Amino acid sequence: MAIFNLLNQSGQEFRPAEVIDRYIRNLSKAKSGYISCDEDIIDSMDTMTAVQGEKQTGVIHFTLQFEPEELTDPQIAYAIAQQIANYIEQEYQVCFAVHEDSEKIHIHFVFHSIRYIDGNRFSGSTQENLCLAENIAEVLSYYGIGLTDVFRAVGT
């Protein structure tokens with residue numbers, strides 16, 4: 001079963017350059033090059049932050065980790081990530097990368113904490129986290145993969 005791990009604490013946001021440039025897009029981790037974060041993603045997030053009248057761009061960071069017996073193909077992990085990102089990008093700017101730097105393939109997702117539709121922030125509330133986890137579980141079910149202990153993983 002896959003593990004959903006929301007790395008932000010409730011209300012905490014990470015700085016995008018630290019997460020995206022230094023970690024997510026690191027080719028020693030994303031060995032197959034399955035990275036959706038283009039060169040302009042941070043500038044795009046900064047622009048959207050300014051348009052919404054905010055001072056600092058923040059991002060939400062989470063991972064989805066797979067056991068070796070359920071997923072070993074980074075191309076399938078990329079397909080899963082694209083489907084999850086399609087859900088998130090309905091409201092937020094998002095990027096992701098498939099990392100293969102350990103025995104378990106995992107996907108790192110980063111999305112802008114400000115919803116571009118109305119300027120509201122992702123609060124990290126139980127309800128928001130569960131909606132995200134439910135979408136992830138729905139995508140994974142298509143691949144015959146379950147989601148482990150969602151309630152503990154999202155901090156409820």
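All residue numbers refer to positions in the sequence shown, counting from 1. Here the structure is a predicted model, which is why all the values come from computation and not from measurement. These values consider heavy atoms only, across backbone and side chains, with no hydrogens, waters or symmetry-generated copies.
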For the residue pair H108 and H99, categorise the inter-ring angle as parallel (less than 30°), tilted (30 to 60°) or perpendicular (more than 60°).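 Taking H99 first and then H108, their aromatic rings sit tilted (interplane angle of 30° to 60°).
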Quick one: CZ on F122 to CD1 on I114, what's the gap to the nearest 0.5 Å?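 Separation between the atoms: 13.5 Å.
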Distance-only, no hydrogens or angles: does the [X] side chain make a donor-acceptor pair with backbone N or O of [Y] under 3.5 Å?
{"X": "N8", "Y": "Q12", "value": "yes"}
{"X": "D73", "Y": "Q75", "value": "yes"}
{"X": "S36", "Y": "F96", "value": "yes"}
{"X": "D38", "Y": "I41", "value": "yes"}
{"X": "E100", "Y": "A30", "value": "no"}
{"X": "T148", "Y": "A2", "value": "yes"}
{"X": "N129", "Y": "G124", "value": "yes"}
{"X": "H106", "Y": "K104", "value": "yes"}

Pairs satisfying side-chain hydrogen bond (donor to acceptor under 3.5 Å, both in side chains), at least one member in residues 80-92, at least two apart: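 Listed by first then second residue: Q83-Y143, E91-R115, Y92-R115.
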Without hydrogens or angle criteria, can the side chains of T49 and Q56 be said to hold a donor-acceptor pair below 3.5 Å?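 There is no such pair (donor and acceptor under 3.5 Å, judged by atom type) between the side chains of T49 and Q56.
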Residue pairs passing the salt bridge (charged side-chain N to carboxylate O under 4.0 Å, His left out) test where at least one lies in residues 23-35, sequence neighbours excluded: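 Listed by first then second residue: D21-R25, R25-E39, K29-D101.
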Can you list everything that forms a side-chain contact (heavy atoms from CB on, under 4.5 Å) with E103? Sequence neighbours excluded, please.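 By the side-chain contact (heavy atoms from CB on, under 4.5 Å) rule, E103 matches no residue at all.
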